[in-house]
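One is the number of the first residue; the rest follow in order along the sequence. Scope of the values below: all heavy atoms of this structure, side chains included, with no hydrogens, waters or symmetry mates. Please read these numbers as outputs of a predicted model, since none were measured by experiment.
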Amino acid sequence: QVQLAESGGGSAQSGGSLRLSCANSGVIYSRMCLAWFRQTPGEDLQGVASTDTDGTAIYSESAQGRFIVSVDNAANMLYLQVNSLKPEDTSMYYCAAVNGACFYYTYRAQLLPSTFSYWGQGTQVSVSS
């Protein structure tokens with residue numbers, strides 16, 4: 001099975017940056033959709049960004065222009081560079097994966113959490129104003 005683990009979260013001030021990492025220590029598939037979600041207590045999971053293993057990336061409206069998702073297939077690593085942080089970015093960030101291209105797991109530019117098969121435990125990002 002795919003086994004995911006996030007790291008790199010922490011505290012930052014408004015306007016600051018962090019780099020989140022997600023390591024896959026399990027099975028490696030030739031084509032996967034790799035994504036970042038976030039969740040604030042009491043709120044639904046929100047898609048942040050996704051990338052196919054070929055590097056094709058899409059972003060939520062809130063992430064666009066500020067966040068960068070990237071994948072290092074050789075190292076089995078997924079990254080999310082979060083820049084220009086805002087207090088509303090405070091959340092638990094999860095990486096997730098599913099076999100196949102991201103095209104199949106997106107509807108009207110929204111990632112569908114229920115379609116992702118593998119999840120990490122999350123890493124907390126806290127942004128102060």
Side-chain angles (χ1 to χ4, degrees):
Q1 64 179 15
V2 174
Q3 296 181 340
L4 305 177
E6 304 92 338
S7 62
S11 299
Q13 294 181 323
S14 293
S17 298
L18 291 169
R19 191 189 194 196
L20 310 183
S21 299
C22 175
N24 175 19
S25 61
V27 175
I28 303 169
Y29 295 99
S30 60
R31 192 171 192 182
M32 302 184 72
C33 179
L34 308 168
W36 290 94
F37 294 84
R38 65 186 184 187
Q39 186 173 37
T40 301
E43 302 290 331
D44 293 334
L45 278 166
Q46 179 187 35
V48 178
S50 68
T51 181
D52 291 299
T53 46
D54 67 359
T56 302
I58 58 173
Y59 298 91
S60 68
E61 291 186 0
S62 64
Q64 188 172 331
R66 299 189 299 130
F67 296 178
I68 302 171
V69 64
S70 60
V71 61
D72 184 339
N73 292 309
N76 299 325
M77 295 291 293
L78 175 72
Y79 302 99
L80 184 68
Q81 179 72 36
V82 293
N83 302 312
S84 302
L85 286 166
K86 305 174 182 179
E88 51 262 45
D89 294 320
T90 295
S91 189
M92 182 73 76
Y93 285 72
Y94 300 91
C95 65
V98 63
N99 299 337
C102 290
F103 172 86
Y104 299 103
Y105 310 106
T106 306
Y107 179 68
R108 295 185 181 275
Q110 297 282 341
L111 290 169
L112 304 174
S114 62
T115 66
F116 282 77
S117 301
Y118 312 104
W119 293 82
Q121 294 299 304
T123 186
Q124 179 69 38
V125 171
S126 299
V127 184
S128 60
S129 60

Trainee: Could you tell me the separation between the CG atom of Asp72 and the CG atom of Asn24, rounded to the nearest 0.5 Å?
Mentor: 12.0 Å

Trainee: Can you measure from CD (Gln39) to OG (Ser91) and round to the nearest 0.5 angstrom?
Mentor: 7.0 Å

Trainee: Starting from Val82, can I reach Val71 by hopping between I/L/V/M/F/W/Y residues whose side chains sit under 4.5 Å apart?
Mentor: yes

Trainee: Quick check: closest heavy atoms across Leu111 and Gly47, and the distance to 0.1 Å?
Mentor: CD1-CA, 4.1 Å

Trainee: What about Met92 and Leu45, same hydrophobic cluster or not, with Ile/Leu/Val/Met/Phe/Trp/Tyr joined at side-chain heavy-atom distances under 4.5 Å?
Mentor: yes

Trainee: Would you say Tyr118 and Val98 make side-chain contact, with heavy atoms under 4.5 Å?
Mentor: no

Trainee: Between the main-chain N or O of Cys95 and the side-chain N or O of Glu6, is there a donor-acceptor pair closer than 3.5 Å?
Mentor: yes

Trainee: Say whether, by atom type as modelled, one donor and one acceptor occur between the side chain of Thr115 and the main chain of Leu112 under 3.5 angstrom.
Mentor: yes

Trainee: What's the separation between atom OG1 in Thr40 and atom CD in Gln46, rounded to the nearest 0.5 Å?
Mentor: 8.0 Å

Trainee: One pair to check against side chain to side chain donor-acceptor pair (under 3.5 Å): Asn73 and Thr53. What are the steps and the verdict?
Mentor: CA-CA 7 Å; Asn73 292 309; Thr53 46; 5.0 Å; no

Trainee: With a 4.5 Å heavy-atom cut-off, do Lys86 and Arg66 have their side chains touching?
Mentor: yes

Trainee: Heavy atoms, side chains only, cut-off 4.5 Å: are Thr56 and Thr51 in contact?
Mentor: no

Trainee: Please list all pairs passing the side-chain hydrogen bond (donor to acceptor under 3.5 Å, both in side chains) test where one or both residues lie in residues 120-129, with sequence neighbours left out.
Mentor: none

Trainee: Under the salt bridge (Lys or Arg N to Asp or Glu O under 4.0 Å) rule, what pairs show up with a residue in residues 33-58, not counting sequence neighbours?
Mentor: Arg38-Asp89

Trainee: Considering all heavy atoms of both residues, which atom of Thr106 and which atom of Cys102 are nearest to each other, and what is their separation?
Mentor: OG1-O, 3.1 Å

Trainee: Which distance, rounded to the nearest 0.5 Å, do you find between the OG of Ser25 and the CE of Met77?
Mentor: 10.5 Å

Trainee: What's the spacing between Ser117 OG and Tyr105 OH if we round to 0.5 Å?
Mentor: 7.0 Å

Trainee: If we only count heavy atoms from C-beta on, is the Leu85 to Leu18 side-chain gap below 4.5 Å?
Mentor: yes

Trainee: Is the shortest heavy-atom distance from the side chain of Val125 to the side chain of Thr90 under 4.5 Å?
Mentor: no

Trainee: What pairs of residues pass the ring pair (Phe, Tyr, Trp, His ring centres under 6.0 Å) test when at least one of them lies in residues 34-86, not counting sequence neighbours?
Mentor: Phe37-Phe116, Phe37-Trp119

Trainee: Is there a path from Leu4 to Tyr94 through hydrophobic residues (I, L, V, M, F, W, Y) whose side chains come within less than 4.5 Å of each other?
Mentor: no

Trainee: Between CG of Leu80 and OG of Ser70, what distance do you get to the nearest 0.5 Å?
Mentor: 8.5 Å

Trainee: Only one of Leu78, Leu34, Leu20 clears side-chain contact (heavy atoms from CB on, under 4.5 Å) with Val69; which?
Mentor: Leu78

